Amino acid sequence: AGPVWFLEHVDEIGPPETPLPDLTGLFSAGSAGCPPLSGVLFLDTETTGLVGGTGTLVFQVGASWWDGGRLLTRQYFLPGPADEAAMLLSLTDLASGFTHVVTFNGASFDLPLLRTRALLNRLADPLGSLIGWDLLVPARRLWRHCLPDCRQQTVEAHLCGRQREGGDIDGSCIPQTWFDFLHSGEPGLLGNVLTHNHRDMLGMARVFQRVCVVAGWLLAAEQEMFWPPQGLGAD
């Protein structure tokens with residue numbers, strides 16, 4: 001369908017212990033079962049607006065997954081509206097190897113917007129076959145009473161000890177950066193947008209690690225609570 005622009009990263013971020021603990025009680029209802037780690041894909045988008053709808057384009061998509069002890073990230077970039085179908089088809093091909101897509105708050109924005117863009121291009125939903133897990137849900141369930149808020153960067157700072165450094169960009173400036181690129185052909189601050197998205201991907205992976213650790217603690221505590229079985233006694 002045309003050229004596909006992307007940038008890839010390899011980061012030495014170790015995965016959670018496997019097999020993953022049962023996470024269904026921490027994520028939204030309907031996400032029954034727990035996938036193998038190889039089935040988990042992280043995703044975040046950068047768009048031309050925050051309203052959604054047919055007038056909003058996804059011009060950058062970050063997708064990350066663990067391969068052994070490393071986190072791989074592929075950042076798709078849309079050089080112009082005419083290349084949208086090619087980007088969506090490539091994302092569909094990548095997503096076909098996974099069972100779950102993890103976003104921070106993508107169920108209400110990222111995933112529906114990608115579905116809309118695919119529909120307008122007469123394509124299938126790139127993530128339509130994947131179960132969606134939003135990290136905001138367990139973040140609120142586990143930490144809303146001990147954190148100032150549950151925004152991604154707040155959770156990263158307090159639970160993962162990660163502070164964003166220079167080279168980033170405020171989210172409100174991201175749409176105009178892409179429009180400036182279309183108008184001038186110059187990259188401008190696009191490098192900062194890619195940095196922002198890459199940090200979002202790494203942050204989601206780290207938060208997911210913490211969620212898995214806590215899920216393991218809760219499962220162990222539940223097992224201790226109900227052991228030994230009633231009537232057997234214990235020495």
Side-chain angles (χ1 to χ4, degrees), residues 5-16 27 40-50 52 56-67 70-78 87 90-91 94-95 98 100-114 117 126-127 130 132-140 143 147-178 181 187-212:
W5 292 24
F6 61 86
L7 176 67
E8 293 188 328
H9 306 264
V10 179
D11 293 284
E12 299 298 328
I13 298 180
F27 285 97
V40 175
L41 179 70
F42 298 93
L43 184 133
D44 185 55
T45 66
E46 307 302 337
T47 69
T48 59
L50 299 177
T56 302
L57 285 171
V58 178
F59 71 86
Q60 208 253 297
V61 181
S64 297
W65 63 96
W66 270 293
D67 180 14
R70 306 175 304 168
L71 187 74
L72 308 185
T73 299
R74 179 179 297 177
Q75 293 180 290
Y76 290 101
F77 178 74
L78 186 65
M87 183 183 75
S90 185
L91 178 61
L94 175 67
F98 299 89
H100 288 61
V101 56
V102 177
T103 58
F104 197 83
N105 191 25
S108 60
F109 184 73
D110 301 70
L111 302 185
L113 184 54
L114 284 169
R117 299 313 309 172
L127 292 309
L130 278 63
W133 275 356
D134 266 8
L135 285 167
L136 181 61
V137 176
R140 284 175 171 169
W143 301 301
L147 295 180
D149 56 67
C150 288
R151 293 182 301 170
Q152 181 175 341
Q153 292 191 34
T154 302
V155 177
E156 288 178 31
H158 285 78
L159 300 178
C160 307
R162 310 296 300 190
Q163 295 283 354
R164 300 284 178 105
E165 300 175 352
D168 211 319
I169 186 173
D170 187 88
S172 62
C173 301
I174 289 177
Q176 190 59 48
T177 301
W178 189 69
F181 164 74
L189 294 176
L190 282 178
N192 299 66
V193 176
L194 291 168
T195 297
H196 176 87
N197 179 262
H198 184 214
R199 289 174 178 173
D200 278 346
M201 304 309 301
L202 301 184
M204 282 195 292
R206 292 188 175 106
V207 173
F208 184 77
Q209 286 177 322
R210 298 300 300 169
V211 170
C212 289

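If you read the sequence from its start, that first residue is 1, and numbering goes on from there. It should be emphasised that the depicted structure is a prediction, and the values quoted were computed from it without experimental measurement.
Taking the side chain as every heavy atom from C-beta outward, Val211 and Trp143 approach each other to under 4.5 Å. Residues Val193 and Trp178 fail the side-chain proximity criterion, which asks for heavy atoms closer than 4.5 Å. Here the side chains of Leu72 and Arg74 are not in contact, with every heavy-atom distance at 4.5 Å or above. In this structure, the side chains of Arg70 and Glu12 come closer than 4.5 Å at one or more pairs of heavy atoms. In this structure, Phe98 and His100 have side chains that are not in contact, with every pair of non-hydrogen atoms separated by 4.5 Å or more. Contact of the Pro138 side chain with the Trp133 side chain is not registered, since no non-hydrogen atoms from C-beta on lie closer than 4.5 Å. Side-chain contact between Asp200 and Glu46 is present, with at least one heavy-atom pair separated by less than 4.5 Å. Residues Leu57 and Arg117 have side chains in contact (heavy-atom distance under 4.5 Å, counting atoms from C-beta outward).
Of all non-hydrogen atoms in Gln209 and Ile13, the two that sit nearest each other are NE2-CG2, 3.9 Å. Residues Pro126 and Leu114 share a closest heavy-atom pair of CD-O, 4.0 Å. Shown here for Cys150 and Ala139, the closest heavy-atom pair between the two residues is SG-O, 3.7 Å. The minimum heavy-atom distance linking Thr73 with Met201 is given by the pair CG2-CG, 4.1 Å. Taking each heavy atom of Asn197 and Gly62 in turn, the nearest pair found is OD1-CA, 3.4 Å. The minimum heavy-atom distance linking Ile169 with His196 is given by the pair O-ND1, 3.4 Å.
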Let's go through Thr177 and Asn192 carefully: what are the C-alpha distance in whole Å and the side-chain angles of both, what is the deciding distance for side-chain contact (heavy atoms from CB on, under 4.5 Å) to 0.1 Å, and is it a yes or a no? CA-CA 9 Å; Thr177 301; Asn192 299 66; over 6 Å; no
Can you list the steps and then say if Leu136 with Val155 is a side-chain contact (heavy atoms from CB on, under 4.5 Å)? CA-CA 10 Å; Leu136 181 61; Val155 177; over 6 Å; no
Leu43 vs Val61, side-chain contact (heavy atoms from CB on, under 4.5 Å): CA-CA, chis, key distance, verdict: CA-CA 7 Å; Leu43 184 133; Val61 181; 3.9 Å; yes
Any chance you could lay out the side-chain contact (heavy atoms from CB on, under 4.5 Å) test for His198 and Asp11, step after step, and finish with the verdict? CA-CA 10 Å; His198 184 214; Asp11 293 284; 2.8 Å; yes
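If you take NE2 on His9 and CG on Leu194, they are separated by 6.5 Å, rounding to the nearest 0.5 Å. To the nearest 0.5 angstrom, Leu91 atom CG is 12.5 Å from Phe6 atom CZ. For the atom pair Leu111 CG and Leu127 CG, the distance stands at 5.5 Å (nearest 0.5 Å). Residue Phe181 holds its CZ atom at 14.0 Å from CD of Gln176, rounded to the nearest 0.5 Å.
Of the N and O atoms on the side chains of Asp134 and Thr103, at least one donor lies less than 3.5 Å from an acceptor on the other residue.
Remark: the backbone N or O of Val40 is not paired with any side-chain donor or acceptor of Trp66 at under 3.5 angstrom. Although no hydrogens or angles enter the test, the distance criterion places no donor-acceptor pair under 3.5 Å between the side chain of Trp5 and the main chain of Met87.
When each of His158, Gln152, Gln153 is checked for a side-chain hydrogen bond (donor to acceptor under 3.5 Å, both in side chains) with Glu156, only Gln152 meets the rule.
In terms of the side-chain hydrogen bond (donor to acceptor under 3.5 Å, both in side chains) criterion, residue partners of Thr45 (sequence neighbours excluded) are, by chain and number, Asp110. Partners of Arg140 under the salt bridge (Lys or Arg N to Asp or Glu O under 4.0 Å) rule, at least two apart in sequence or in another chain, do not exist in this structure.
The aromatic rings of Phe77 and Phe59 sit perpendicular, their planes meeting at an angle over 60°, well past the 30° parallel limit.
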